Chemist: 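Starting off with a structure, shown below.
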Amino acid sequence: MADECLFCGIISGAVPSVRVSEDAETYAFMDINPGSDGHLLVVPKRHSRDLLEIPADDLGAVAVAAQRIAKAVVSELGADGVNLLNCCGAHAWQTEFHFHLHVIPRYADKSKDGLRLPWAPGVRGDMRTITALGNTLCAALAAKEM
């Protein structure tokens with residue numbers, strides 16, 4: 001897969017990276033297009049295209065590694081908060097098609113933090129639409145459990 005996938009190439013060592021952490025299931029490295037100081041990625045070593053394809057055990061390993069790294073981002077880099085971000089699909093801003101979780105340190109000092117939200121939290125949506133979509137998802141999930 002390394003010939004086709006940038007992140008597989010990074011994991012194998014064929015493509016250089018600034019490694020932050022590695023264990024049997026995951027590899028974490030600095031993002032070369034950071035949204036803030038200390039922005040990094042955590043990936044499973046086993047290739048999965050995206051959130052819809054990653055096996056649950058790999059997803060869990062990535063989440064646990066991201067939590068451990070997020071704690072270090074706060075304690076060692078002095079971040080005031082942390083965002084975890086996954087983009088699934090081109091229309092959701094995914095540009096590398098190997099599952100990855102962004103660990104993005106957030107700072108009150110905006111000279112360290114260039115990330116801005118693309119929507120305005122706190123702006124209430126239409127409750128009829130919210131309810132209809134919620135009911136659709138609830139029914140679909142309940143049907144899959146049967």
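This one's a predicted model, so the numbers in the text were calculated from it and none came from an experiment. In this chain, residues are counted from 1 in sequence order.
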Chemist: Salt bridge between Glu25 and Arg46, side-chain N to carboxylate O under 4.0 Å?
Modeler: no

Chemist: Are any of the side-chain heavy atoms of Val15 and Leu6 separated by less than 4.5 Å?
Modeler: yes

Chemist: Report yes or no: does Ser48 contribute a side-chain atom to a donor-acceptor pair with the main-chain N or O of Asp50 at less than 3.5 Å?
Modeler: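 No, because the side chain of Ser48 does not come within donor-acceptor range (under 3.5 Å) of the backbone of Asp50.
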
Chemist: Asp80 side chain to Ala108 main-chain N or O, any donor-acceptor pair under 3.5 Å?
Modeler: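 It does hold such a pair.
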
Chemist: To the nearest 0.5 Å, how far apart are CG in Asp23 and CZ in Arg68?
Modeler: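 Atom-to-atom, Asp23:CG and Arg68:CZ are 6.5 Å apart.
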
Chemist: Would the distance check show the side chain of Ser36 and the main-chain N or O of Lys112 forming a donor-acceptor pair, the cut-off being under 3.5 Å?
Modeler: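 No: the side chain of Ser36 does not pair with the backbone of Lys112.
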
Chemist: Would you mind reporting whether Arg106 and Val82 have side-chain heavy atoms less than 4.5 Å apart?
Modeler: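 Side-chain contact under 4.5 Å: no.
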
Chemist: About how many Å separate SG of Cys8 and OH of Tyr27, when rounded to the nearest 0.5 Å?
Modeler: 12.5 Å

Chemist: Please round to the nearest 0.5 Å and tell me the distance separating atom CG of Leu59 and atom CG of Leu51.
Modeler: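 It comes to 6.5 Å.
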
Chemist: Are any of the side-chain heavy atoms of Val103 and Leu41 separated by less than 4.5 Å?
Modeler: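 No. Closest side-chain heavy atoms not under 4.5 Å.
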
Chemist: Between Ser21 and Ile69, is there a side-chain heavy-atom distance shorter than 4.5 Å?
Modeler: yes

Chemist: Quick check on ring-ring contact (aromatic ring centres under 6.0 Å, His included): which of Phe29, Trp93, Phe7 does His100 satisfy it with?
Modeler: Phe7

Chemist: Would you kindly confirm whether Val73 and Val42 end up in one hydrophobic cluster when ILVMFWY residues are joined by side chain heavy atoms under 4.5 Å apart?
Modeler: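 Yes, Val73 connects to Val42 through the hydrophobic network.
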
Chemist: Any side-chain to backbone donor/acceptor pair from Glu22 onto Ala24? Under 3.5 Å, distance only.
Modeler: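 Not a single qualifying donor-acceptor pair exists.
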
Chemist: Could you tell me if the side chain of Ile11 sits less than 4.5 Å from the side chain of His98, heavy atoms only?
Modeler: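 They are in side-chain contact.
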
Chemist: Can you tell me how far CZ of Arg19 sits from CE of Met30, rounded to the nearest 0.5 angstrom?
Modeler: 13.0 Å

Chemist: Roughly how far, to the nearest 0.5 Å, is the CZ atom of Arg128 from the CG atom of Leu133?
Modeler: 13.0 Å

Chemist: Should we count CD1 of Ile32 as having more than 12 external heavy atoms under 6.0 Å?
Modeler: no

Chemist: Just by modelled atom types, is the Pro34 backbone N or O under 3.5 Å from a matching donor or acceptor in the His102 side chain?
Modeler: no

Chemist: Does CZ belonging to Arg116 count more than 12 external heavy atoms closer than 6.0 Å?
Modeler: yes

Chemist: If you compare all heavy atoms of Cys87 against all heavy atoms of Ala92, which two are closest, and at what distance to 0.1 Å?
Modeler: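 Closest approach of Cys87 to Ala92, heavy atoms only: CB-O, 3.0 Å.
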
Chemist: Would you compute the distance between atom CZ of Phe99 and atom CG of Asn86 and round it to the nearest 0.5 angstrom?
Modeler: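 Atom-to-atom, Phe99:CZ and Asn86:CG are 4.5 Å apart.
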
Chemist: Tell me if a side-chain donor or acceptor on Arg49 pairs with a main-chain N or O of Gly89 at a distance below 3.5 Å.
Modeler: no

Chemist: Do you reckon Ile10 sits in the same ILVMFWY cluster as Ile54, going by side-chain contacts under 4.5 Å, direct or chained?
Modeler: no

Chemist: Is the shortest side-chain heavy-atom distance between Ile104 and Leu85 below 4.5 Å?
Modeler: yes

Chemist: What pair of heavy atoms forms the shortest contact from Cys88 to Leu52, and how long is it?
Modeler: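 Heavy-atom minimum between the residues: SG-CG, 3.7 Å.
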
Chemist: Would you say Val62 and Leu84 are hydrophobically clustered, going by side-chain heavy atoms of ILVMFWY under 4.5 Å?
Modeler: yes

